[in-house]
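Structure, as structure tokens:
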Amino acid sequence: MILSKVTCVFFNCTNSPYCYVARIDCSPDLEVLNIDCCPCAPAPLQLLKLGLFACAPIAPSLAVDLRVLELVRTLFVRITPNTTAWCEALEVFLTARGYKLSTKDNLRRRFSNAYHWYSVLVMNAGDHVYSLISQHLPSRSLGDEVLPAQPSDYLRSRCPVCFGMQDWQKDHGSRLKLDCHVCIDACFTQKRSANSRGADGLDPPNPTRSVFISDEEVARMEAHVLACRGSLPGRGTKRKKPEGDEDGYEDGMRIPVSTLDACRESFLAADEKREKASTRFFADTGIMALLCRHDCVLWLVNMTSAGEKQYYALALIKKLFEHLPPTMTVGILYDIACQLERSCLKYQLLEQGILSRIVFSISVFHVYGHQWPCQLIYHPRKCEGFGLSDGEGCERLWSALKMLIPPLRVSGYHQRLFVLNAQVRHLDGKNLDTFGKWLSRRWTRCQTKKSSAEHALQQLSVDEANIRPEWRAQVEHQTKPLSRRSKTNNDKQISKILTLERTLSNLDDSVRALEMQLCAGNTLNNVDFNLRLADERTHRSKVADTLRRWKASLGIGQLNDLQQLRRSIFLQIRLDAQAVKARLRERLRQRKFEIERFERSYRQTVNEHKLHVHAEASIQRRNPTIRKLVTTYNNLCGKLIDLIRRGEAPAGAIAPHSISPTGIFQLDVDDDIWQDVGLDSNDMAPPAWLADENMRAAIKFQLEVDRCNEERARIMRERCVLQEWMMAEWDALQEARTCAEENEDLCFHFDLRARLLSGLVVHWQSRVCPIPCAWPLPDSWGPTPNDLAEAANMYYQPSCLDGTAAVYDSENDWESDEERENDELIDELEEAALAGAYIDLDSDSYDI
């Protein structure tokens with residue numbers, strides 16, 4: 001390597017405070033230049049005109065070539081930033097060529113200072129240039145008509161595809177159920193060690209734009225959550241349900257309490273008190289992110305608590321809705337969304353105006369750790385409005401930031417936030433470059449999945465009119481609360497029957513009175529009176545049917561003395577057996593639907609195999625509970641048989657059939673699990689959504705078609721939004737360029753921006769061409785044909801073909817159909833998620 005350009009400058013001060021002697025390192029000789037400095041022309045400005053950046057604003061002792069700093073800045077967002085290694089390598093390189101530095105560690109501190117403030121200057125310059133362009137963006141109005149409130153300019157700058165439209169309500173007739181998708185997750189590997197030596201004083205704040213929510217906003221949300229929750233049980237205490245407490249729904253929730261409790265126990269993230277990072281050794285314990293569905297960072301939160309507190313996620317959600325129109329709906333994917341929604345409804349942590357516009361769902365990878373009823377409601381492939389969004393953007397972000405873990409572990413507070421912000425800016429640029437390829441890939445994948453699902457539906461001999469009703473029946477049945485055993489169940493059932501008998505008697509009296517009144521002719525309007533009489537008879541018939549079913553469930557007839565049956569041991573054991581069998585039956589149903597994923601023949605990629613192993617392990621953990629329920633049920637059946645043999649059961653009582661443990665997991669239609677002989681007089685045939693293999697397959701394929709249709713409509717909309725954003729940006733840039741014609745510096749930066757936008761159009765236009773538009777748009781994207789030709793010529797150079805777009809593509813879509821089986825990123829991503837997201841279930845929520 002030949003040193004033909006200035007690399008660094010060392011200064012020696014003279015007696016004058018504003019006069020320095022410069023030694024400029026050149027090759028092959030040293031050249032000494034004198035620079036006369038004064039307050040009007042300080043050394044940093046003079047050096048900057050020479051293409052050098054000083055390490056200090058007053059008396060710099062080192063200046064670095066701007067091109068070297070730009071090279072280091074470009075390098076340090078692609079590898080682990082390490083100025084120590086860089087400076088050591090440079091010193092060794094210079095020493096080998098006869099340029100020995102006079103003191104130890106002479107270069108590192110000053111070079112680091114120059115590099116840091118150069119990066120600050122570049123960031124602020126870029127923000128300033130864009131702010132000048134943004135002033136010329138079209139106002140969100142059409143002539144004299146003012147459009148409804150739009151997403152904020154901040155959101156527009158974060159993700160052009162989600163928030164870059166001129167009017168977010170355009171094409172309102174075909175408006176999607178959810179206007180945008182975001183995902184939330186926390187990362188506890190991005191920690192910062194506590195500094196006991198007080199070095200934070202050498203870590204000043206950086207005057208740059210940040211994606212981090214301020215500590216004050218987080219503290220306000222924390223105080224709000226504590227105020228809403230009030231006093232809670234002490235740490236380490238576990239509330240024990242009172243005996244006989246029935247399972248049910250909490251206000252606003254669609255899954256029972258038993259399912260919510262089981263999901264909470266199976267996830268580390270749901271336990272706010274569990275320490276994931278010690279606050280004794282770490283001042284900052286991690287970060288939580290809010291990303292859109294295109295993996296663009298919207299906001300980050302710096303976490304300082306030992307556990308994953310809900311107020312971090314709530315602070316992110318509240319911040320998002322402060323920047324959204326008052327009627328815009330959002331789908332939020334979070335690995336413990338069921339617990340977050342439960343807390344929001346239970347403690348009113350969010351305003352109703354915000355909560356009513358949120359649909360919660362669980363990210364695709366984490367959903368398999370939840371209970372089956374929870375999956376029915378919160379799985380994004382089963383939840384209306386989420387299309388094919390996976391909610392795993394945060395995992396991809398953590399993978400992109402993993403190289404920063406070692407240096408940021410020992411950095412200062414402000415330096416850590418600065419480096420993370422710089423890396424997010426770099427990822428923003430990579431995302432911007434690949435939006436066209438992202439849309440194209442998602443479009444192709446959506447079309448392929450939809451075609452395959454529709455073809456599979458045609459092959460099944462299933463009436464399509466029955467598919468959706470069967471799906472609704474499945475969801476309704478499998479999310480019902482499960483009955484519990486109780487010592488007072490017998491008394492409660494008898495009391496309910498007695499109440500129903502009194503109600504039926506009152507209805508009989510009412511019907512007879514109406515009939516007598518009608519026969520006597522004491523009616524003003526016979527038509528209305530007959531309708532009233534018909535309603536009373538219908539109500540009486542329903543109550544009578546309910547009474548008959550409840551008596552049949554107890555195995556008693558019309559002539560039994562109910563008061564004498566209140567303390568019947570036989571009926572108590574019989575009710576317990578019914579409760580156990582109902583729970584066992586539901587457990588087996590859940591297991592069958594969960595394991596059905598692995599009974600189908602799929603092409604096993606790396607990701608599919610890891611997901612297979614994880615979900616299969618989750619299913620196997622529940623097998624001991626099922627076997628225990630079988631044993632408990634058979635023991636109760638034995639007690640009932642013994643009571644019948646001793647004559648201590650009601651007359652005509654029939655002994656129920658015990659269940660053989662052999663083959664219990666096969667869940668065949670003719671198994672004893674479906675036969676309620678001796679427990680219920682009603683015949684119970686397995687429903688089609690459970691017993692009919694074709695119907696189950698049809699439901700799965702129909703849901704896939706529905707999600708593909710949603711994804712198709714969203715991609716068409718995003719393709720239009722992308723073009724609208726580019727047209728608005730280009731017009732604003734041209735206006736700003738015209739207004740700044742006399743400022744050569746601004747014109748230079750505007751020309752760079754124009755070159756960037758033209759290159760983006762070249763990248764995007766050919767990719768999104770096959771995607772139809774959701775509404776009419778012109779052919780032009782903004783740049784002229786000459787601009788595009790120049791950009792295309794630059795883009796298709798060999799050096800550009802090896803650029804970041806192709807590299808980032810392999811990182812950005814680990815669920816793509818373009819399988820990359822040797823992708824190290826995917827392996828590490830899923831291994832990290834598996835290692836830290838789940839814990840074993842040692843006990844069941846049902847108390848035997």
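Side-chain contact between L345 and D251: absent, with no pair of heavy atoms (C-beta onward) separated by less than 4.5 Å. Considering only heavy atoms from C-beta on, I699 comes within 4.5 Å of L703 through its side chain. Counting heavy atoms from C-beta on, the side chains of H477 and W689 come closer than 4.5 Å. I317 is listed as a side-chain neighbour of L340, based on a closest heavy-atom distance under 4.5 Å. Within the 4.5 Å cutoff, the side chain of V359 has heavy atoms near those of the C383 side chain. Between V182 and L320 the shortest side-chain heavy-atom distance falls below 4.5 Å.
With E392 contributing its side chain and F365 its backbone, the two residues share a donor-acceptor pair below 3.5 Å. Remark: the backbone N or O of K346 is not paired with any side-chain donor or acceptor of E250 at under 3.5 angstrom. Here the side chain of S343 pairs a donor or acceptor atom with the backbone of Q339 at under 3.5 angstrom. Listed for the R442 side chain is a donor-acceptor partner under 3.5 Å among the backbone atoms of L388. Between the side chain of T479 and the main chain of P373, no donor-acceptor pair closer than 3.5 Å is present.
E464 pairs by the salt bridge (charged side-chain N to carboxylate O under 4.0 Å, His left out) definition with nothing, not counting sequence neighbours. Remark: E536 pairs with no residue by the salt bridge (charged side-chain N to carboxylate O under 4.0 Å, His left out) rule, at least two apart or across chains. With sequence neighbours excluded, the residues satisfying salt bridge (charged side-chain N to carboxylate O under 4.0 Å, His left out) with R293 are E711, E718. A search for side-chain contact (heavy atoms from CB on, under 4.5 Å) contacts involving Q447 returns W443, R712, not counting sequence neighbours. Partners of R537 according to the salt bridge (charged side-chain N to carboxylate O under 4.0 Å, His left out) rule, which considers only residues two or more places apart in sequence or in another chain, are E515. Residues passing the side chain to side chain donor-acceptor pair (under 3.5 Å) test with R540, sequence neighbours excluded: D508.
Nearest heavy-atom pair across K449 and C708 is CB-SG, 3.7 Å. Nearest heavy atoms, S356 versus G353: OG-O, 3.5 Å.
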Derivation of the side chain to side chain contact (heavy atoms under 4.5 Å, CB included) call for L314 and C344: CA-CA 9 Å; L314 294 171; C344 290; 3.7 Å; yes

Evaluation steps, salt bridge (Lys or Arg N to Asp or Glu O under 4.0 Å), between R707 and E710: CA-CA 5 Å; R707 300 294 83 77; E710 295 169 357; 2.9 Å; yes

Worked verdict on D335 versus V367 for side chain to side chain contact (heavy atoms under 4.5 Å, CB included): CA-CA 7 Å; D335 55 358; V367 73; over 6 Å; no

Working for salt bridge (Lys or Arg N to Asp or Glu O under 4.0 Å), residues D261 and R342: CA-CA 11 Å; D261 291 343; R342 181 188 196 181; 3.1 Å; yes

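Side-chain rings of H370 and Y378 stay apart, their centers remaining 6.0 Å or farther from each other.
Side-chain N/O atoms of T259 and Q371 include no donor and acceptor closer than 3.5 Å. Donor-acceptor pairing under 3.5 Å is recorded for the side chains of S363 and H366. Side chain to side chain, W471 and Q702 fail the donor-acceptor criterion of an N or O pair below 3.5 Å.
Note: F360 CZ to I332 CD1 = 5.0 Å, rounded to the nearest 0.5 Å.
In E351, the CD atom is not crowded: 12 or fewer heavy atoms of neighbouring residues, nucleotides or ligands sit closer than 6.0 Å.
Just one residue in the list K177, R381, R468 forms a salt bridge (charged side-chain N to carboxylate O under 4.0 Å, His left out) with D706, and that residue is R468.
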